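Heads up: the structure comes next, in structure tokens.
All figures in this text were calculated on a predicted structure; none of them were measured in a lab. Residue numbering restarts at 1 for every chain, and letters A, B, ... go by the order of the sequence lines.
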Number of protein chains: 2
Amino acid sequence: MKDNPFQPGATRADQPEFTRDELGLAYRNSGALLELLSRDITPTGTHYLLIHFDVPQIAPETHVLDLKGAFDAPYSLSMAEIMDLPQITRPVTLECAGNGRAGMTPRPLSMPWSYEAVGTSEWTGTPLAPLIERAKPRASVQDFVFTGADFGYDKGVPHHYGRSLTPEELADLDAMLVWGMNGAPLLPQHGAPLRIIVPGWYGMASVKWLTSIEAIETRYQGFQQVQTYRFRAHAEDPGTPVNRIHVKSLMQPPGVPDWFTRARWLEPGRVTLQGRAWSGAGVPIAKVEVLLDGAWQEAELTGRADTYAWTGWRIDWEATPGTHELACRATDAKGNTQPLEPGYNTGGFANNEVHRVPVHVAGA
Amino acid sequence: MKDNPFQPGATRADQPEFTRDELGLAYRNSGALLELLSRDITPTGTHYLLIHFDVPQIAPETHVLDLKGAFDAPYSLSMAEIMDLPQITRPVTLECAGNGRAGMTPRPLSMPWSYEAVGTSEWTGTPLAPLIERAKPRASVQDFVFTGADFGYDKGVPHHYGRSLTPEELADLDAMLVWGMNGAPLLPQHGAPLRIIVPGWYGMASVKWLTSIEAIETRYQGFQQVQTYRFRAHAEDPGTPVNRIHVKSLMQPPGVPDWFTRARWLEPGRVTLQGRAWSGAGVPIAKVEVLLDGAWQEAELTGRADTYAWTGWRIDWEATPGTHELACRATDAKGNTQPLEPGYNTGGFANNEVHRVPVHVAGA
């Protein structure tokens, strides 16, 4: 390491500034550690968190899930009864709908994610659809509403966190009722003792701290369903719902970091670049391209073929002295690919622009 | 809930802004969730993280700890040999030396912690001093150097993370060699497979991903020992070392939050306020006072008497309609107490100003 680009106190030139409220969310809503993208399963405690209100503290011994509303056979289940149901374990990649928000201009004010709000865990539970069928929903049901124990205000509206799925969506999705994560009980911050996982959709659908499933004969008008998590071009735009995860990829940053700027430094010579790619609603990744010395080159896909978990990728690069901007771009089997520049919507949702990784390669 | 202080898009008036580099650190270095302060032990995955470089990924099967340098009987240990040593488990409160940095004026540029960089885990390992004695340090030894596998740059200086303790400090402190946390193996982000815990000192002393303990016959001059983690009044000040944790307390914010501002809302009437208090180097907490309607009132101390773990406290408050600023202030058995305003040092270390919690109580 003969030369050294890291001056004391150096910061990047493009420094928009963030408010204390945004930072307050960043303390709570932790992101992935990109150097751990080499792992199929995100280590426990490093899976991203997006917690709207406070983490509820729920005693599993007395917790009950109520299936209520427009069912002909409504019922309730204790945690013991739920854990006696047919058990499945499935790796699922979850991503926050707000991931990439800080890359948009103007920047929507909310949790200012850069690239980190994604992770893959092994979720253990039981399929959700048969449980709901067992309660015999009436033919008139338009929505199943999933309500969490978490409560607070957003834009002045007090509410329990809640989301819904239509009967058609429920039939189409492999949603799970979940009590375990990576071989252990759910942790408090991930929804203990009970949550749902909606594979292929952004994380807002996977309601945590689940207390009830209500069948209703109208469309659900809950705050988190209709006032946020919508693609709106401007404040008056009614918009369209955010649901399926958009195709995306990330690179494990090569070399070693500078503490403060997180800038990367590496030695010249061959380096294997690697990362992850995923898409929504079970669509597999078709290819990942990596920008090397100005040209997009196709990477080798590695790792798991599980429908709802991310895919690994790798490619070798001959690193030459100087400063380079690497990037990666995934394309899924339906031909969806990542844009080179961020789009815009008022909520800052689903920015899947390519991941750019500046690196400094030492002089020869 | 008749009135409502949360306007859409409202932010607090005192909004200093933060740089993208600071936010980049906030993504990685996650803090405690203050609503979980009700728990003696911080749930796994919510213990604060301060990771200087990248998390190293170390295979425990082949990992070796070397005791080397000015020892008459240097030796090495495999993880299997280490885990056969006499085993102890101890709850220890760790706090980042930079906790509170964002409260200082001017704000030192580094991880911009507010109050969240603290946690208590049950650490499992073996006492450190007997292991070092077994290697027969020479009488001339001035420092024992603990080096981690993590490597990177800080202020232009490439280095493995390293810290030292003098023979006197080692004899005085109940330092542990640690391989377990909350009944499970150390997680990658907490130093797997091996770290040290130095109870009573700020977290920088508790070296993670430990690879060697070297006895040296001079004073250690490593970057993390002499260039940072010092109290300096100005850039040319040689300063004094940061070591023992300063007395501090936190309050679990009462009521329910607003998503964006984290402002708190509660109903009028009796509310039990609770939180945690701790001090450094095994000094117990003598009292906690809480600012209620302009007067400091003494809280009841609850919970554990373990020397190195935080203490619980609680006090009832009659919440009356309007906006209030609550605060808590701990005093330890040596008479150290928390200042009402932050101090200043160039690194932003050890700000233990009282925790202030603004709350809005609904109209009657």
Side-chain angles (χ1 to χ4, degrees), chain A residues 1 4 6-9 11-12 14-28 30-31 33 35-36 38-39 43-47 49 51-55 57 102 109-110 112-114 116 151-156 158 184 187-190 253 256-262 265, chain B residues 1 4 6-9 11-12 14-28 30-31 33 35-36 38-39 43-47 49 51-55 57 102 109-110 112-114 116 151-156 158 184 187-190 253 256-262 265:
Chain A
M1 304 221 172
N4 185 335
F6 301 121
Q7 301 305 314
T11 57
R12 289 194 289 272
D14 60 334
Q15 292 277 12
E17 295 198 324
F18 294 84
T19 68
R20 190 173 285 268
D21 285 339
E22 289 175 287
L23 187 70
L25 294 180
Y27 293 135
R28 295 179 55 78
S30 55
L33 300 167
E35 66 267 33
L36 299 181
S38 54
R39 300 192 176 209
T44 295
T46 66
H47 191 286
L49 292 173
I51 298 170
H52 286 77
F53 305 126
D54 285 1
V55 171
Q57 302 195 57
L109 284 179
S110 183
W113 291 118
S114 175
E116 301 78 1
F151 180 87
Y153 284 77
D154 193 344
K155 293 189 169 60
L187 291 163
Q189 67 273 27
H190 287 290
V256 299
D258 173 60
W259 147 250
F260 184 62
T261 62
R262 304 300 306 168
W265 177 262
Chain B
M1 302 219 174
N4 185 337
F6 302 120
Q7 301 306 314
T11 59
R12 290 193 289 271
D14 60 335
Q15 292 275 12
E17 295 197 325
F18 294 84
T19 68
R20 189 173 284 269
D21 285 340
E22 288 176 289
L23 187 70
L25 293 180
Y27 293 135
R28 295 179 56 77
S30 54
L33 300 167
E35 66 268 32
L36 298 181
S38 53
R39 300 194 174 208
T44 296
T46 66
H47 190 287
L49 291 173
I51 299 171
H52 286 77
F53 306 126
D54 284 1
V55 171
Q57 301 195 57
L109 284 178
S110 182
W113 291 119
S114 174
E116 301 78 0
F151 180 87
Y153 283 77
D154 193 345
K155 294 190 168 58
L187 291 164
Q189 67 272 28
H190 286 291
V256 300
D258 173 60
W259 146 250
F260 184 61
T261 62
R262 305 300 305 164
W265 177 264

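Inter-residue side-chain proximity for Phe53(B) and Val256(A) is flagged as unmet; no heavy-atom pair is nearer than 4.5 Å. Between Arg262(B) and Asp54(A), the closest side-chain pair of non-hydrogen atoms falls below 4.5 Å.
Annotation: side chain to side chain donor-acceptor pair (under 3.5 Å) contacts of Glu35(B) (sequence neighbours excluded): Arg28(A).
Taking each heavy atom of Ser110(B) and Trp259(A) in turn, the nearest pair found is OG-CZ2, 3.3 Å. Shown here for Thr44(B) and Leu187(A), the closest heavy-atom pair between the two residues is O-CD1, 3.5 Å. Among all heavy-atom pairs drawn from Pro112(A) and Leu23(B), the shortest one is O-CD2, 3.6 Å. Listed here is the closest heavy atom pair of Ile51(B) and Leu33(A): CD1-CD1, 3.9 Å. In terms of heavy atoms, Ala102(B) sits closest to Arg20(A) at O-NH2, 3.2 Å.
Interface remark: of the candidates His47(B), His190(B), Arg39(B), Arg39(B) forms the most heavy-atom pairs closer than 4.5 Å to chain A. With respect to chain B, the highest number of heavy-atom pairs below 4.5 Å among Gly24(A), Ala184(A), Pro188(A) belongs to Pro188(A).
Under the 3.5 Å distance criterion, the side-chain polar atoms of Tyr27(B) are matched with a main-chain donor or acceptor of Ser114(A).
Rounded to the nearest 0.5 Å, atoms OG (Ser30(A)) and CD (Glu116(B)) are 12.0 Å apart. In this structure, Thr261(B) OG1 and Tyr153(A) OH are separated by 11.5 Å, a value rounded to the nearest 0.5 Å.
Proximity to chain A involves both the backbone and the side chain of Leu36(B), based on heavy atoms less than 4.5 angstrom apart.
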